Each structure stands twice: as C-alpha cells, then as structure tokens.
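Notes to accompany the following structure.
The chains referred to below are lettered A, B, ... by the order of the sequence lines, with proteins before strands, and numbering in each begins at 1. For clarity, every value in this text was computed on a predicted model and none was experimentally measured.
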Amino acid sequence: MDKSKTILDSVVIKFAGDSGDGMQLAGTLFTDTTAVLGNAIATFPDFPSEIRAPQGTVAGVSGFQIHFGSSGVHSPGDAPDVLVAMNPAALKANLHNLKPACIILVDIDSFGKKDIEKAGFTDNPLTDNTLSDYKVIEGPITSLTKAALADLGLDNKSADRCKNMFTLGMVFWLFSEPLEQTIQFFEQKFKKNPVIGQANILALKSGYNYALTIEAVKTSFTILPAKKASGTYRNITGNQATAWGFMAAAKKAGKPLFLGSYPITPATDIMHELTKHKWAGAKVFQAEDEIAGICSAIGAAFAGNIAITTTSGPGMALKTEAIGLAIMTELPIVIVNVQRGGPSTGLPTKTEQSDLMQAVWGRNGESPIVVISASTPADCFDWAFEATRIALEHMTPVILLTESYLGNGAEPWKIKTLSDLPQIKPLTLDAFDADWKPYKRDEAKLARKWVAPGIEGLQHRIGGLEKDAQTGNVSHNPQNHGVMVDIRKEKVARVANFIPDQKYKGKDAKKLLVVGWGGQFGILFGAVNDLQKEGKYIAFTHFNYINPLPKNTAEIFAKFDKILVCELNSGQFANYLRATLPQFKYEQFNKVQGLPFKISELKNKFNELLEEK
Amino acid sequence: MDKSKTILDSVVIKFAGDSGDGMQLAGTLFTDTTAVLGNAIATFPDFPSEIRAPQGTVAGVSGFQIHFGSSGVHSPGDAPDVLVAMNPAALKANLHNLKPACIILVDIDSFGKKDIEKAGFTDNPLTDNTLSDYKVIEGPITSLTKAALADLGLDNKSADRCKNMFTLGMVFWLFSEPLEQTIQFFEQKFKKNPVIGQANILALKSGYNYALTIEAVKTSFTILPAKKASGTYRNITGNQATAWGFMAAAKKAGKPLFLGSYPITPATDIMHELTKHKWAGAKVFQAEDEIAGICSAIGAAFAGNIAITTTSGPGMALKTEAIGLAIMTELPIVIVNVQRGGPSTGLPTKTEQSDLMQAVWGRNGESPIVVISASTPADCFDWAFEATRIALEHMTPVILLTESYLGNGAEPWKIKTLSDLPQIKPLTLDAFDADWKPYKRDEAKLARKWVAPGIEGLQHRIGGLEKDAQTGNVSHNPQNHGVMVDIRKEKVARVANFIPDQKYKGKDAKKLLVVGWGGQFGILFGAVNDLQKEGKYIAFTHFNYINPLPKNTAEIFAKFDKILVCELNSGQFANYLRATLPQFKYEQFNKVQGLPFKISELKNKFNELLEEK
Amino acid sequence: MEAAATQCLFKPKDYASDQEVKWCPGCGDYAIINAVQKAFSELNLKKEKVAIISGIGCSSRFPYYMDTYGFHTIHGRPAAVATGVKLANPELSVWMISGDGDSLAIGGNHFIHAVRRNININLILFNNEIYGLTKGQYSPTSERGKITKSSPFGTVESPFSVGELVLGAQGQFYARVPDTDVKLMTQVIIEAEKHQGLSLVEVLQNCVIFNDKTHAEITNKENKANNQLILEHGKPMLFGENNNKGIRLNGLELEVVTIGENGITESDILVHDATTKSNVLHNMLIQMKLPEFPIAMGVIRNTEASVFDKEFTAQITNQQETSKLKSLDDLFLSGNTFTIKD
Amino acid sequence: MEAAATQCLFKPKDYASDQEVKWCPGCGDYAIINAVQKAFSELNLKKEKVAIISGIGCSSRFPYYMDTYGFHTIHGRPAAVATGVKLANPELSVWMISGDGDSLAIGGNHFIHAVRRNININLILFNNEIYGLTKGQYSPTSERGKITKSSPFGTVESPFSVGELVLGAQGQFYARVPDTDVKLMTQVIIEAEKHQGLSLVEVLQNCVIFNDKTHAEITNKENKANNQLILEHGKPMLFGENNNKGIRLNGLELEVVTIGENGITESDILVHDATTKSNVLHNMLIQMKLPEFPIAMGVIRNTEASVFDKEFTAQITNQQETSKLKSLDDLFLSGNTFTIKD
Ligand SMILES: Cc1ncc(C[n+]2csc(CCOP(=O)(O)OP(=O)(O)O)c2C)c(N)n1
Ligand SMILES: Cc1ncc(C[n+]2csc(CCOP(=O)(O)OP(=O)(O)O)c2C)c(N)n1
Ligand code: SF4
Ligand code: SF4
Ligand SMILES: [Mg+2]
Ligand SMILES: [Mg+2]
C-alpha cells in the first residue's frame, strides 16, 4: 500500500509515558535517526525527580520532546504536533499544551477505568469529547506487542518493556523514516543478550507494520533534510559536548585532564562521559562531596593538570569557599554549573538560569571571576574549550554556566577534528628562571606564571592569605592588599581584550533589542527571527561572555530605544547589567517555572513592547 | 607637684607593641576607665593573625587605638595624638600616620641595636632626626618595672609582663585619670593568684608616679565628660553587644535561644560571650564546622527555638547551601557575618565590608533573604534584636552583617533594661487548628505559621524541594513554582512595610548625599558633620536595612544632585543600589585595605565632589 | 494536615502519611518503612513527639511518608539538623534517615561527630551500596571493583565498613539488619529507640534498579541460614541450617566451628555480650566476612555512656540553679558601669 | 624564589625556606619541623619533588617554612587538595600537615576518605587538643570536661581517639609520637614516607599558649619511661625505667606485667607486629590509656594494601593500552554520524 505524503518544514513530537515506559530511549532513538537523515533537531527531555515515580500518575510522567525539520528549528518547540501518550496520565499531563489538530497516538490497552481515575480524569477522555479537536490514533499497543513477541519465550515483564519500540515503529512509519539505525543499535547493545535485542527489533518492526496496515493517518509526513553547512555531523547532548570540549582543550594545551566531581543532577552525565575515556588519559576522581571535588581540582591545577569540577546549584553553593581559594592563588580551574531549578534542592530535574548572581558575585571578599555560558547543546563543546583556554592563558578560575535544558537536550553537532581547533598556550614555566617570582605578571594579561612542582629551583608556596604582589609571600600590608584587590579585578577585566566582539542580528532595527544569555538562545532566536520576517524593528544579541562583557557591549546597547533582557529567573542578568552598564535602561521578561520559554509567549512580549510608544 | 592642665575636646591614643606586650589589655583598661569618666569613646584594636608573631618585627606589632573626648568622637580617629611605642617596630609601624606634634612615649630599654635593625631602621630613630617633629617621652620602662617589682620575688618573665601596666600608669597620669578602676580589675581577676595581681597594680602605680616625677610633658591633659543623654552606661564591644541583643530578643520573644557555630576570627567572641550565659538558658553548640553550625540552627528553628549562627566570610561561604534550605522551608534563623578582609582566607584580623553581594545574592536559585547591618559597636545590640524580630515575625532567615571593626571595637552603651524593649511576637501556633496548613500565609506579611514538633494533630513535613503553595507538599508543578518564587520574593519585600523610614541628616543640602552602610557610620558621620559645620551643602544617610531597603529610599535619593556611596569594598552597595534603584546615578568612594576610612580622606573626596560642577 | 490524634494506641499504618510512596516497585525501602511503623506501634510512640530528619537520596524521602513531624533537609546534613532538633527539644524522639551516600560520602563528617558525641538520636542507614537517586554511581560502601555508571571499569577504592567506622568514632550502639527480615528489623529498631545515645542501625537494603542483588548472597532464602549470624545479647553465637554452627574464639581470632564435630560442644561457643564496654570483640564480629564467616546481624554493640544532649541540658540547668545572675538586667548592669545625670 | 638545587645531599636546614618562622616561642611545632627536616635529609628527598599541603591553623603555616613546593589551602580541606596533587602527579612526594581542628573537626570527612582510599600521602597530624590559631577553643580531641574559651564550664563531649578513627576508616599506617622526642619522630616520619598508601603520624603536640602541658603526664622527663611504650616492629613490648615492664595478652585484654615478678619472663611479653593485616591488636594498643597502661608510641600499624593513586593510574594506563580508540578524532567520528554534502 502506498501512502500519500505531506512534506513539512518541521514537526514537534512528544513521547510521553510512565517513568518506566522507556520514553527517553524512544525519543533518543528517534532523534538519532532523524539526525542522520540530515534534519535540524532540538530535543527537550523532561522527567520527574523520582527514579520510578508512581505508575499511572501525572507526577510520574516522563516526556521527551523533539523538534525536527528542514528549517526553523531553533528550539524544541512550544507544543507538539504529535503526542505519543502511553497512558491516561501522559495524556492528562500534556492536554493543556497541544497544537491545534495535533495527532495523538494512544495505547488503548492502558485506558482501563482505574488508569483513567489515577490520571485524574473523571471520564474516559477517549470517549467523551475531550479529544474532539485532535486526530486520535488508537492502538492496542501493549497487547499487540505481547502478541508479536509471543514466540520468543520472554517473561511478561520483558515483553511489556518492548512496547516503547512498538510505538516508535509506528512513529517511524508516520514520518517515513527508516528502521535500520535503531535495529543496529539493538544488535550492538544486546550482543550479550540477543533475545532482548531481537525482541526490541521485532516490536519495532511490528509497530511499523501495524501503522502501515491500519494506515494510521490518512497522510503520513516527510521532512526534507535541513540546509546545513556541509560536513559530518553527529547527534550530541550538551553534557556530552561539554565533556568532549574539555578533552579537546586538554589535547590542544598538551596537559593531562583532571576532573574532580560529585554526582548531582543534571551535571552527573559530564562525569559519566569523561570517565569512559580513560583511554584518552582523562583522570576522573569521584570525590566524597562537592568541596572535595573542587579542592582536588585545585590541587591538580597546582600540580600542573587541566583541572575541572562539575556540579549543579546546591553543589555550586558548597564550592563557594574553594572558588575563593582558586581566585586568591590564581590557579586555572574550570567550574561547570549545569543549572537547575532552585532555591535549595528546588526542582532538581527542571531547567532554570537562576545561578547567575551566585556565579558572578556569590563569594566573600572581592573575588572577581570569569563567567561564561553556553547557548546550545552542541556549542557546549566550544564553550568548554573556551573556558579552558581562558583559564590557562589568563591564570584564573572560570565558571562555565550551562543548564539542565542544554545538558540533557541534544542537537546535531558538526564534528570538529583536532586540527580544526586552535592551540591553547598555558602560561607554564618549565625550567629554572632566575627572574621568576611567584606573583610576577605579564603586562598584557596581568597573569602570573604556572609553575608546577617538580622543577628544580622554583620551589614556592601559595595559599589563601593575602599575598605580596611580587613574591607571593603572605602580606598583611594594607596598601599591598589594595593593590592586589585591584590587580585581581583588572586581570579578569582584561580578558575582554582577548575575546571577540559581541554581535547582534537585525541591522536596521533601532526600536527593540532583545538580550539573552545561556541556553535560551535557540528559542529567543526563533522568536526574534519570526518577527524580523514580519518586518518588525527588532534585533537580538545573545551573551556567552558574562564577566567580563565584550568590550563593544555598550556600543551595541546605545543603538537601541529599548533593551529587553529575557531569562529564566527573576532578572539576574538584567540586574548584573544595571550594575555593570548603569547608563542604560533594561526591561525584563522572566519566567521561573522550571521550563524553557515558549516562542509564542516571547513574541507576545516583543510585540507588546514594539507597540508601546 | 602641681601640673598645669590643658583641657581638650578629644584625643586619640594608640598603644602599640609586640603581640606579647599586652597592648590589647592596656588599651581595654584605659577604655574602661575613660568610659566610666563619662567620655565618649571609640576604639579600634588591630593585631596580626599570628598568635605570637615574631618578636620585634613590624609584622608582629599589635595595636589598640582609642579616641575619647567630650565631643566629636565618631570614630577611633584617623591618627594618634599620643603614641605608645613599646619597641622600635611599634614606632616604625606607626610613623607614617601620626598627628603633627604627636606625643610619643617609648620604652628606651627596648631600643637596642638589634631591636632597631629588626624593626627595619638603619639608625636609632630616637637619636637621628626621625622624631624631631614630635614630643618624645623616653622612659626605661622595662628596667623600671623590674626594679619596682624586685621585692615580689617574681620570675623574670612575669615581671617583664607587667611593663604594659607601668606604661598604662604613665598614660593615666598624662590624662589625669584615676587608677582605681584598673586596680579593682586586677584585684578581682587575680583573686586566686594575688602576687600577679599585686605586681600589676604596683607596676601601674609606679608608672603613674614615674610620669609625675619626671613631669613627663610640661602640660598634662584633661578631657571633660561628653554631653551624653542621661542614663547608665557601660563599655561594650560589638561582639558582646551582638550576643546580648540576641539574649534580649529571646527573652522578649519568650523562646529559648540556640546558637550553632564554629570558631572563626573575628566572630568567635560572640560565641564565647553567649556560652558564658548558660544561666540565662543560652544553648550554645560548638559544631564540627560551619555547615553543621547553620544546619543545627535550622534544626533548632524547626523545633521551635530562636536559632542563630555566627561566622565570618569563609564560614559564610560554607553556609550558602543551608541558607537556601532556610529560605525554602521559611524557618526563622539569624545568620551573623562579622566581615573580615577577603577573598578566601584573606586578611583574617582586618576589617572590610566586602561580603555584601554574597549576603544579598550569593546563592543558587532565586533566594531572597532579609539583610541588615549594624553601624556601631553598641548598636550591634539593637540590630541583633531587630534581626531576631524580623526573623520571627516574618518567618524568614535574616542575615546580619557586622564587621571586624565593629565586633572588636568598643564604645559606651546606654544600658537598656528588658522593660525598655518591645515585645517580639513570633508567629507560632501552639495548639491544634483545623484550618491550618503548613504553607498557608497571613495576608499582610505573607508569612507562614511556626509550628514546632510536639503539637498533636499538626504533624507535617517540610524540606528543600519546591513545595505546594498551600499544603507544603512536594510539588513539581511549573505554575506553582512560579507562584512560590514570587511569594518568597514578595514576603521579603513586604518587610519594608514593617520597618521605619530611612532618615538623612542635612536638611537644606541638595548638592551631595553621602550614603553609607554598616560599621563606617561613625567615621562617615564625623566627616560629613565637619563639612556641614563649614556650611557645605552636604547630607548623609546611613543604611542599616539593606534588603529590603526602606520604602522612602528613592524619595530621599531624588532630593540630591549627587549620590556618593562610601564603603570598604570595591563598590558592592553601589552596585546593589544600581540594580535595585536604577533610576539614580551613584558615585563611589571605596577603600579595600583592611582598614577603616579616615575622616581626612573622606573630606577630601567630599570636597572634590562639592567643587565639581 | 492531620486529624487530631486520639488517645488509643496506634497501629503501624496509623504512622503513614497521606502522601503516595514513590519508591520503585520492589525497592528495599518499603520493608524498612514497614518495620519502622511496626516498631513505632510497639513502642507506642506519640506521632507528635516524633521528628524524622533525613538528607537527600531515595531513602531520604522517608519522612514524607510518615505522619509525624518530618524534615527532608539537604544532602549530607541530616545529622547536623537532627542535632539541632534534639538540643532544641530533648523531649522529642528524633530519628534520622539517611543513605550510604548521604551519611558516608558527603555527610561523613557530621556522621562521625554525631556518633562521637553520642547524642540520643536513632539513625537508620539505608545501605544499598549505591547512589540511588542520582541513578547509579558507586558509593563509599560499594565493593572494590564494582562496575557502575561512574566506574565503567570497576572502582579502585576500598569501601568503608559501617560498623567499623561507627566503633572507630566511639560509637555505643551498632546494629546490622537485612531489609529482608522485617521482624528482626523491627526488634532492632525498638532496641535502638530504647538505647540512650546515638543508635546506629545499618540496613542492608536492596536497590532493584541500580544495584540489584548486592546483598543477595547474604539475604537469599537459600543462603541466609548459613550466611547470617543473628546475634542476641546473652545467647550463644549459633547459626546454620541446623543451628549447629557457631563462633569460637581462638587466640585473637574468631573461627567457625560445628557442634558435634571435633568434640565441639555449645560451651565452646561465644556468648554475645552487646553491653560490654570493650569494643574488641564487637569489632571482630563486625569484621566477619563471607565466605569464611557468616555476616553478623542484630544488635552488635549496645553500651551505656554519657549522652550528649542530657549533659548539654544538665550544664544549663546547673548554671541556672547556681549562677548569681538571675535576669538579663542583672547582667547588663554588672561590672563597670557609669551614670550620666541630667 | 629559590636558588637552583645542587646535586649533593641536603642537610636538614637546607629544607628551610627564607620565611621567618612565626609560631609562639616554646610551641611544639618547632620540634616537628626539625624532625621533618631531619627525616627529609635522611631520605635524601629532592626539594622540588616534595609538595606540602596544609589547611588552616597554627600547624598549617608549616609549608611556608619549608623550601619545597607548598600550598596553604583552606580550613579542613588539605586532604582533598593533596588528593588532587597526588593524582595529578603521582611522582611527587606529597605531605599533608594539619591540626586536630583542621583534620578532625571541619576536615573530618576528607580525612576519613583519604584514609579509606589509602592514597599514598604522608599525613602529619599536630594534635594539641585545641584550636590554636583561633585562640583556644576545645577541639574534637580535647578531653571531656576541658575548660577552654568556648567551654567555660567544661566540655560535655567525648573526644575522638585518632588511632581508633584511622583504623575504623580502614587505615593501613598509624603512628603516634610525642613532640618531645625528635629522634622517634624522625624515625617514624621516615617509615611513613616508605609506607605505600596513606601514612598517618599523630604528634602529641604542646600548645604553650592555650593548652600548655596537656600531654605532660605522658611526655614529662620524669614519667616518660613509665608512661610511654615505644613500639618497634618485631620487638617485645617492653617499657619502664628499668625496661622490665611489658604488655601481655590475657584473653581479649591486655595487661601490664613486670618481668621477674610472679614468674613472668620475656617470653610472656607480646612482640609487636605492625604488619599484620588484622587490626585487632593494633586497636587494643591504641586504646591503652593512663594510668593503667602506658601510651603506645611509634609505628603501631604498617600494613600493605592496594594504593589508590597507583590503581587509579593503572586503570588509565590499561585503557590507553587496550582501547580501540586512539585519538579524539576517532572518538568524535565513532557511532552514528551523517554527512551533508554541498
Ligand atoms: C549538595 C548536593 N550534592 C549532590 C546531590 C545529588 N545527590 C542526591 S542524592 C545523592 C546520593 C544518594 O545516595 P544515597 O545517600 O546512598 O541514597 P539512596 O538514593 O541510595 O537511597 C546525590 C549524590 C544533592 N542533592 N545535593
Ligand atoms: C572555613 C573556616 N572556618 C573557620 C576558620 C577559623 N579557624 C582557623 S584555624 C581553626 C582551628 C585551628 O585548630 P587546629 O586545626 O587544631 O590547628 P592549630 O591552630 O591548633 O594548630 C579555625 C577554627 C577558618 N579559617 N576557616
Ligand atoms: S532507585 Fe533503587 S533505592 Fe531508589 S527507590 Fe528505586 S530501587 Fe529504591
Ligand atoms: S598558639 Fe599554640 S599551637 Fe599556635 S603557635 Fe602558639 S603555641 Fe603553637
Ligand atoms: Mg545509597
Ligand atoms: Mg589544634
């Protein structure tokens, strides 16, 4: 049977089900295939903080949203065009946020009376009028999966577990995507347990065939490949890209890589990734807590390694004191904060940008530090690399802010080879030099030299007490303290001389400048882009360098009538800008719900400001 | 012999000597006597971070400066009128900062060749022209002390230790002050070791008599008592006043007082003071670290005690995460940070105001907190009381910032009796109430009720995860999170409805408003006062409430042409104001040398701004 | 919100809160909460007199599920918070719930200090030898060589032995129980509450998701008779399917012997004394490892010593009774004061 | 800044830096630095191969006074920093200097973890049973009842026993020495450096200012023969003025006996075996207290076990040798990739 095809620019699919339903895997496998087809993609996994939240409840729903297409994919999308709902709770959790005429694929086997009640519906949403505006595809997915696997002799539970692949097969059919890559994945992954591998493959194929058989929707869709720069791509999450960026930086700096870290959601995957790569020399130390994580990194930096520590909000709080030590001793370490919802334990699995103040100012004493942030899953690679470069070439600790949204999100990464990347030149001194003093500085950067133990004649001592501006010996001299406070500040400020100018998009737009930072780049870009296409006077500038700001920042701000700072917090970057460039007036658009922006809510706000006189 | 007397308004004396020379004691005893005489006083102890820094070196000099008089005593003074230098190092350390025609009292016994070299002089400063501008009183203090005590049969070391009292005797003579109180002190203190007590008393008297005999200076001075409000006074340090303020607050709130703390300079004395007063029910828990200090306080607050934790910069850094927990659980605790020089270990015995940003913004997530600061040693009592009041009446953690300069400094305190103090009304619920919910709030303050374990039927659970706005149960709902972020912010903001208006001094002065906060009050006041007397258009406003700011702050700022924020850091309050009240332009005057401002440098800056067009 | 408690005794389920329990199906934590509720019921604890303090981890969600006062604090710090609770109100029955990561990784310091101070708190340590909540990294109790998400090539660290650490920190009460034996757990928890001072109950807990069957060799139905020695104070250390194997002291070493073999009789077998001050034998029992020895279960050490919160409070009471100062006004006016008259 | 080192052996004083030593006159720390310099000289350590890491406290000023690489870190964290140093460069001889507050109060967690991991670091713990630098508050090793600035009515806490805590945390090397015996200190420090894994040297150090004579009963000239048992591996445990008192095992308890009395001969006396895996007797020796027993000094435990930094490094080397991936380019291009052509 042939199916008529609709060719679409882009589509948003959301896989939703119980925590145990394997939605994250289904979503990831779909992403991998669609990425390989050359689509632009952006993903957004969203799951509860319990390991297996109570079955069948809305609180237990785990979701994976993917936006893919040939163009216009700047974010995982505001709302799905296609919702996969493995049970009533998954339906309930997403009902308030569906595109009109959304396709909803449900497993009717899981719509028993009890399930429906557990999800908080009073009636069966499939039979009352709840879904009348949508196209619903009902499939007895659980029973069909079991039937399909009947011959494999699996226990009930194992068979049941394959229903996500049955579903995925149906979705692949919907979007005319091939099964090969997913099949390979299972062959590879279950080499040692081929029955399970086969079961998944069989379920996948059965789902595909079932969709084909019932002609699940009148039309099925095709998405043409995106017009991307030529090159070789792979799909990558932000946390993986971060890990790889550090590995690349270590290679390009010619020093061993050390990570001292303590597990915390959503940062742990960076450690998981790095620890796989001992073959590349990565030294990964799982410390007893976050303080030991950063302190071991400081020790490793003192001993000449490229030292990293990774964490999230509460762990960052614990590292506060030790960051001060790194500032005082002017050792090059990179501190990664994959931000999550706060305060306190907050919303550990949700995204937020509310640790900016903590990064910039959250320490005792005058303790300036370089702060930079990544803006897409894939560019976490570049910003990890850049953070390391700044740390090593300016002898300063650097904070790299990413977000849960970036760390867990995925997009295609145009693969870099080592030869594409610039050399990093750490300020090491590798042999005796009679002129050297521990706190003597180079003139341009005000950085001191990096002298690791082992070199005859260069023995020296550093520490957290204020130090003499030349010898580094302990000094309680008041003037010297004043000098050192200024030097530490100026050293960080001068990083601005070694970074590119800030750019903005929207040449002739004088009316409104949208300012963003961090992981909301794609969404902000998308929203501004839409309005620019409508011919609105709107421009967009996105910051990755937070402290110091690029030198031309004021110049850009001066060009616009209104400046609107959009961020997932109550206005932290806006406040930082007020303190740093007080000559401008900043409007704010904020959201603190543990969720990314929606393009629609941004456009509303932009239009509002554009219409104001 | 009669001595001619000069009557002075105020005088600055500095006692300086080796760490082992007992200068802090001499200074304190002088202060006590002069306070009892009714003088206005302000003191500034300044000592090295080593317990016994190397004898005879400048690094080892310990100083105690006291400013006393009948009027104009707003600070410990820029520079001494009288310097006591027990050895060449003490002279060297202070030479750069003496009033013209300063009187210098030296122990010539300690001006041996080696001593002189150790201090870094090339020649003997007593015999070259170094001191030609000053009036030098040379006394063989060491040998005279020994001679005076010869009959007591003391060992050499013990006799030597009394030379500070010999010196103090001389100073008492200079200022026509009586010895009685000091004598009583020694009788009291050495009850069990009367020989040592007698030795000190004898040394004191001998010094007094020696000064009288040689007529140390042609004239000696008399300072008339200050015109102070009538009442009973005592001398008090900031740390002691802080401890007492908490004790008073606990009494007025009718709840037990709990302190969880870990020793750290310069905050430890608050704990030392409180732990003496177990008779008053103070529960003082010396924890294993700062984290346990605050966490035990949070536990105590949960259990219904008035809970405090005290620390300084690096310890504050360690408390960051737990402060977030107190914010999330909305428990009333007070966190005292006696600020010292930073960053990192920094300058542990020096003063600074550089932890403001950390207090206001230094946490992960949106974590608003009340921040207030004390401004004189004695008013630490009031601000500790007020911090407790706000914590209990608004169910919020409160940060109280003091400074090394306040904590160790002393001044007369007009003693309050418990009946002078207002009642504090904690928001407790003491019996079952069917309407109660853990996160239900009162309308005016948005505070929840304080329900300590023990009440039948009110069992409930709190924690660091985001919570439902009513029940306090864990909630991952995005909208609820947004609501809670706003409530926490608004709750802190509404404290502004329950505090007095900000005041300023200088009615008709539209030109320049000097803005200060924290412990530099006296010095700033003095400097502004001087210029106001000269008829300059200058006004002064000093902040104790930092977050929230008093409601009329913008109103005051709007009255002035220029606003100058003066603080001992690189501009933290100025930046905070820029973020909070961005409609004004703020000039800065900053000093980061571990030292308080000088009135002279402030006046220079003020005049500069006043003269600008 | 809770209905006012009635006067009658509580059934175990009366201690359950209205919140849905959210551990994974099959998690060992369920058995522990059952045992705690049973123990509370047998102890007839008043719900409002109980404060349950936890850190962060799967285990630390525990207080939400109990209808007592509860506090889910921050990772690693429950011992410090619980110390504050107990000192603030020594009348409360204070329970601390924590995981091997929470108490032995990040919280190790507060843990050893709470043990050293011997504060009267009951600490139930859910030892699943893994970080559950963060999805499966090795913990300080994971066995050497363990492959986890953060040790794909096996760990290169030796684990803590909880009991040895507790004794090394001057611990006075240590018990070990498997999550499979609710009856023993219940008994041990009751003993813990009765003991004055810090009572440490280590539960060998199974994490079905990230570390399934770690303790299986000990807890499996087939092995448990031979692989567990259930200690009872005053009873001989006998175990085995036929209860005929026993522990004998041989010099400074323990050995497993069989009654009836080589002339061994019951009188050769050590009798357990949990209350003896010396921790030498307690340590040896804790150190027994498979396959040579069975694993010692039950209350291994239960000794009397000064209790921190008691002495802390007594010192205050003593000062209140003996100090000359009676009011803050006394204090403020003591020492050197001076009066200015109008 | 340092002159280039020459090839010849170093004298003890060659290890001194140009910074003035700033401890109080009479402080026990002087003896310790002397012993360390002597030991370094005897070990012929190259100055540039030594990294000395300390926390905060009087004791922690130590690195400033040594002409080696040094790092005066933050309070309580030297074990974590030292761990990073050693893992980053296992070739270095890493020394950690710390106080009883630094390592057992705020730093307790890193301390027990460093011990557990058995990382090859030498840790010298200056135990003056007080917080010196902050001017005299009680520490976790202060004896119960101690009156200090923060305990005007005496403490109500039991102290840690350093040795017991070390063994409880799976420690493999523990030595105890008084600051009065530079010779013994030197020997012990040499042993510590030779031992592979974490070597813990507890020095009973006198703080003349805030805790003078705490250890005097043990260290006084008059008492030391009777009050110290200096252990040597392979030697009988003899002590006393006439070296005729000894330690005998009696069941599970130690006792002091006198040779020649009640038929006791040298063969009754225990012979010290520092290297035995079992820590039972080591623990008993550590627990000996005055007045019943002398205090055990010298190297009490010195056993071989897996060394963390060695295995950590070996795992990396092993992967480097066996992994199919040889360059980052290999990695980046592995798995699912797709190519877009122009
Ligand atoms: C300060 C901080 N660091 C890290 C985390 C992340 N975290 C949460 S629970 C946990 C470990 C859980 O292990 P365990 O205590 O053994 O409890 P389990 O989940 O196994 O019951 C970690 C590392 C956190 N929440 N806070
Ligand atoms: C984070 C932090 N907390 C507290 C302090 C204050 N402090 C410095 S040293 C010290 C204790 C010193 O005791 P110990 O480690 O025994 O060293 P000692 O001075 O006795 O040699 C304390 C509490 C600090 N510097 N940093
Ligand atoms: S992850 Fe493990 S410990 Fe956590 S709830 Fe699930 S089974 Fe239990
Ligand atoms: S205070 Fe004590 S420990 Fe510190 S240097 Fe002085 S004597 Fe030594
Ligand atoms: Mg665990
Ligand atoms: Mg000490």
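Rounded to the nearest 0.5 angstrom, M284(C) CE and N283(D) CG are separated by 11.0 Å. Summarising the geometry, atom CD1 belonging to I112(D) is positioned 8.5 Å from atom CZ belonging to F111(C); distances are rounded to the nearest 0.5 Å. In this structure, the separation between CG on L252(C) and CG on L270(D) is 8.0 Å, given to the nearest 0.5 Å.
Residue with the most contacts toward chain C among H110(D), E157(D), R116(D): R116(D) (heavy-atom pairs, distance under 4.5 Å). The most heavy-atom pairs under 4.5 Å with chain C, out of A314(D), A105(D), G107(D), come from A105(D). Contact tally against chain C (heavy-atom pairs below 4.5 Å) for G163(D), S278(D), G76(D), P159(D): the top residue is P159(D). Across L165(D), I286(D), V280(D), N318(D), the residue that shares the most heavy-atom pairs under 4.5 angstrom with chain C is L165(D).
Looking at I119(D), neither its backbone nor its side chain comes within 4.5 Å of chain C, counting heavy atoms on both sides. Contacts of Q319(D) with chain C are made by side-chain atoms alone, with heavy-atom separations under 4.5 Å and no backbone atom involved. With a 4.5 angstrom heavy-atom cutoff, L249(D) touches chain C only via side-chain atoms. Using a 4.5 Å cut-off between heavy atoms, R117(C) contacts chain D through its side chain alone, with no backbone atom that close. For N279(D), the part lying near chain C is the side chain, with the backbone staying farther off; criterion is any non-hydrogen pair under 4.5 Å.
With hydrogens and angles ignored, the 3.5 Å screen pairs no side-chain donor or acceptor of Q315(D) with any backbone N or O of V156(C). Not a single donor-acceptor pair under 3.5 Å links the side chain of Q170(C) to the backbone N or O of S158(D).
Heavy atoms of other residues, nucleotides or ligands lying less than 6.0 angstrom from NZ of K277(D) number more than 12. Counted within 6.0 Å of NZ on K235(C), heavy atoms from surrounding residues, nucleotides or ligands total 12 or fewer; the atom is thus considered open. A 6.0 Å sphere centred on CD of E255(C) holds more than 12 heavy atoms belonging to other residues, nucleotides or ligands. Residue Q320(C) qualifies as enclosed at atom CD: its count of foreign heavy atoms under 6.0 Å is above 12.
In plain terms, the two heavy atoms of N109(D) and L104(C) that are nearest each other are OD1-O, 4.1 Å. For F160(C) against H113(D), the heavy-atom pair with the smallest separation is CE1-CE1, 3.5 Å.
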